[in-house]
*Asks:* 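Before anything else, here's the structure in question.
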Amino acid sequence: MLSHNGINIFILFLLHTLMPSNFVLTISNRDISSLREKVVSMFYHSYNGYMKYAYPYDELKPLTCTGHDTWGSYSLTLIDALDTLLVIGNQTEFVRVASALVKTLDFDRDINVSVFETNIRVVGGLLSAHLLSGRVGFQLDDNWPCDGPLLNLAFDVAERLLPAFDTNTGMPYGTVNLRYGVPEGETSITCTAGVGTFILEFGTLSRLTGDQRFEDAALRALNGLWKAKSDLGLVGNHIDVQTSKWTAQDSGIGPGIDSYFEYLLKGAILFDSPWLLEMFRELYKSIVVYNKVDDWYIWSNMFKGKYSMTTFHSLDAYWPGLQTLHGDVANASRTLKNYYSVWRKFGFTPEFLQIAHGLPIKGRESYPLRPELIESTMYLYQATKDPYFLEMGREILHSIETSCKTKCGYATVKNIITHELDDKMESFFLAETTKYLYLLFDANNFLHGESDPADNDLKCKMHSQGYIFNTEAHPIDIGALKCCHTKRIKEFETKVTPLPLTCKTRNFDARLSFGENFIED
Ligand SMILES: *[C@@H]1O[C@H](CO)[C@@H](O)[C@H](O)[C@H]1NC(C)=O
Ligand SMILES: *[C@@H]1O[C@H](CO)[C@@H](O)[C@H](O)[C@H]1NC(C)=O
Ligand SMILES: CC(=O)N[C@H]1CO[C@H](CO)[C@@H](O)[C@@H]1O
């Protein structure tokens, strides 16, 4: 029994009741390579199923083996899967489909799309494919990686998202029409993640192209959220982007907020930004005080700090990975083990779980092939090399393979208790779930490694400082950004020469536009 803020909650659902005490850790190199092969087969089964039955629609319906448009109508699954082809080493297929996309993609369309989803899946997918395309010599011109056909596509679609940011606070609307801007009568209420999940893609675009509008828009949105946080240092779930009024005041690490925290920390690393790091650390401190209980994270009211919902969500499972990136490996490991205990109990994690009873909430029993648990497992394995995390990955892979595979793909679990399936395969299955599984079992992958000599022939020193994954698992090459940024600044010599490069430049600009809200480094 825990006592916190005068509220007692019972956490009956403890780790050791579920974890066998003699968990045997034997996993040989041969096992690992066979697990890797299984992931590759999983990828091809669903990729080929998508190409055969669903392309050019957004997503595959894996039970009826047909396609349908979901988040746009721009072959979303293929855009999302592009970089995974290179991660698993299929260069010819990458070149074939990337060429096809460059010829056929057209974002000048009268469709209403989610600003958030389009950014993380489409802008992120295209940017990452662009930055990795040097590995296969795909349509490179003299100016690559600061130019290129995939980058042009990312630029085109991102530019169509910009009208959403034209609000009183700089925080964006949730929906935009790709041709006409924000639709008439569109609600001004957006979730926190829908405001704070742009800096990785938009900052990358600005650094590569020299067009500051993207990075500036993302920073203004982050500044809007920062100003709106409560005196307890917490942010809520939904906010009115015209008035900064919180319309949902539940504060936690999960759905509706999650990738805001992720982008502060990852943005701090990608752009070397003390301001982003400072914001992350401040918010993290409050989370530990108001949301953390026995290495679980629950919801509390952002103004009163009182617990509101004691639930766990599949999406929460990104958090230990983020903690690992921050260096808090021991805490991350304990939390991941809690989450994994849920997986072991049901074979999957549900969208909502009542922690005290250890049961999913009615109507929220599904598992849509989400990657977050495996993502954190990959980070923790990379950080510790503890084979326990390989065992976890093996279990997760086994569940999906056993329960979700269909004739033409892998299907969402509609109910984690009955294992009944749903006719859906979200594009993130190929962008994230299969990619993180593969990376867990591929310790020598170039995405984990140090500089690759093959890349040093390229003009910019690609691959020299590692990668940062966006929230859709699209890797961004840190070295490439620095190279183009320097180059772009040289192009505008007269304007910016006196300022130091990278983060300092940005912080200087930020200070000008943010006034007293800017935090000194
Ligand atoms: C690449 O993917 C295509 C399409 O699935 C397949 O036909 C081809 O054999 C793959 N190539 C390699 C090297 O795996
Ligand atoms: C986009 O949303 C607006 C406002 O809801 C609506 O009037 C319009 O018909 C929608 N456009 C499309 C293509 O669905
Ligand atoms: C950030 C965080 O959660 N830190 C905690 C990690 O674990 C130690 C030991 O339990 C705590 O003292 C820290 O507060």
Side-chain angles (χ1 to χ4, degrees), residues 2 4 15 36-37 39-55 60 69-74 77-78 81-100 107-115 118 135-136 138 160-161 163-164 173-189 233 252-253 261 265 277 280-298 316 319-338 376 380 383 408-409 430 434 438 442:
L2 287 149
H4 187 86
L15 168 69
R36 200 163 57 231
E37 285 316 306
V39 179
V40 170
S41 308
M42 178 181 271
F43 176 86
Y44 280 121
H45 181 63
S46 38
Y47 176 82
N48 292 336
Y50 167 77
M51 290 306 273
K52 177 159 179 202
Y53 298 104
Y55 177 80
L60 171 73
D69 279 333
T70 50
W71 293 103
S73 54
Y74 27 52
T77 297
L78 187 55
L82 262 184
D83 58 9
T84 312
L85 284 168
L86 289 185
V87 172
I88 67 170
N90 193 333
Q91 314 198 333
T92 46
E93 181 68 1
F94 175 89
V95 170
R96 188 181 78 82
V97 292
S99 313
F107 295 113
D108 184 22
R109 309 272 298 282
D110 177 16
I111 42 172
N112 299 335
V113 300
S114 156
V115 180
T118 307
R135 303 179 65 81
V136 292
F138 173 75
R160 295 168 188 281
L161 303 181
Y173 278 93
T175 301
V176 84
N177 184 291
L178 288 183
R179 186 177 288 161
Y180 302 116
V182 178
E184 193 84 16
E186 177 58 28
T187 174
S188 56
I189 294 175
I253 59 161
F261 302 130
L265 180 60
L277 187 62
F280 174 76
R281 290 198 165 145
E282 285 294 310
L283 293 162
Y284 189 11
K285 263 192 242 160
S286 297
I287 288 169
V288 172
V289 175
Y290 296 105
N291 300 110
K292 187 179 176 189
V293 179
D294 266 11
D295 295 300
W296 293 89
Y297 290 83
I298 60 177
D316 295 355
W319 183 254
L322 196 65
Q323 289 182 299
T324 304
L325 203 56
H326 190 248
D328 304 327
V329 174
N331 288 303
S333 177
R334 284 194 295 273
T335 295
L336 186 61
K337 283 172 188 174
N338 280 354
S376 284
L380 271 158
C408 54
L430 288 173
T434 53
Y438 185 80
D442 193 34

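As the structure is a prediction and not an experimental result, all values here were calculated from the model. Remember, it's 1-based here, ligands and their atoms both numbered in the order they're listed. Residue numbers count from 1 along this sequence.
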*Asks:* Hey, is atom 9 (O) of ligand 2 under 4.0 Å from any protein heavy atom?
*Replies:*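 There is no protein heavy atom less than 4.0 Å from atom 9 (O) of ligand 2.
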*Asks:* Under a 3.5 Å threshold, yes or no: a donor from one side chain and an acceptor from the other, between Thr92 and Asn90?
*Replies:*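 Result is yes, a qualifying pair exists.
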*Asks:* Which value, rounded to the nearest 0.5 Å, describes the distance between Asp316 atom CG and Asn291 atom CG?
*Replies:*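 Between Asp316 CG and Asn291 CG, I get 10.0 Å after rounding to 0.5 Å.
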*Asks:* Ligand 1 versus Asn48, non-hydrogen atoms closer than 4.0 Å: side chain, backbone, both, neither?
*Replies:*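 For Asn48, the contact with ligand 1 is made by the side chain alone.
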*Asks:* Any luck finding a side-chain donor-acceptor pair between Thr84 and Tyr47 under 3.5 Å?
*Replies:*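 There is no such pair (donor and acceptor under 3.5 Å, judged by atom type) between the side chains of Thr84 and Tyr47.
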*Asks:* Nearest to atom 6 (C) of ligand 1 by heavy atom, Asn90, Ile88, Val97: which?
*Replies:*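 It is Asn90 whose heavy atom sits nearest to atom 6 (C) of ligand 1.
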*Asks:* If I compare all heavy atoms of Gly181 with all of Val176, which pair ends up nearest, and what's the gap?
*Replies:*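 Closest approach of Gly181 to Val176: C-CG2, 3.6 Å.
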*Asks:* Do me a favour and list the nearest non-hydrogen protein atom to atom 13 (C) of ligand 2 with residue, atom name and distance?
*Replies:*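 Checking every protein heavy atom, the shortest distance to atom 13 (C) of ligand 2 gives Asp110 O, 3.2 Å.
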*Asks:* So is Asn112 polar-close to ligand 2, meaning N/O to N/O under 3.5 Å?
*Replies:*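 It does: an N or O of Asn112 is found under 3.5 Å from an N or O of ligand 2.
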*Asks:* Taking 4.0 angstrom as the limit and counting only heavy atoms of Glu184, give me the atoms of ligand 2 inside it, by number and element.
*Replies:*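 Atoms satisfying the 4.0 Å criterion: 4 (C).
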*Asks:* Quick one: sort the Phe280 and Trp319 rings into parallel, tilted or perpendicular, breaks at 30° and 60°.
*Replies:*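 Correct class here is tilted.
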*Asks:* At their closest point, which heavy atom of Arg160 faces which heavy atom of Arg179, and how far apart are they?
*Replies:*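 That would be NH1-CA, 4.3 Å.
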*Asks:* Of the protein's non-hydrogen atoms, which lies at the shortest distance from atom 14 (O) of ligand 1, and what is that distance?
*Replies:*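 That would be Tyr44 OH, 3.3 Å.
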*Asks:* Please report the interatomic distance CE(Met51) to CD(Glu93), rounded to the nearest 0.5 Å.
*Replies:*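 It comes to 6.0 Å.
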*Asks:* Any side-chain donor-acceptor pair under 3.5 Å between Asp295 and Asn338?
*Replies:*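 Per modelled atom types, Asp295 and Asn338 side chains form no pair under 3.5 Å.
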*Asks:* So if I only count non-hydrogen atoms and take anything under 4.0 Å from ligand 3, which residues does that give, chain by chain?
*Replies:*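 Within the 4.0 Å shell of ligand 3, which is judged on heavy atoms, sit Tyr284, Val288, Lys292, Asn331, Arg334.
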*Asks:* Walk me through whether Tyr284 and Asp328 qualify under side-chain hydrogen bond (donor to acceptor under 3.5 Å, both in side chains).
*Replies:* CA-CA 12 Å; Tyr284 189 11; Asp328 304 327; 2.6 Å; yes
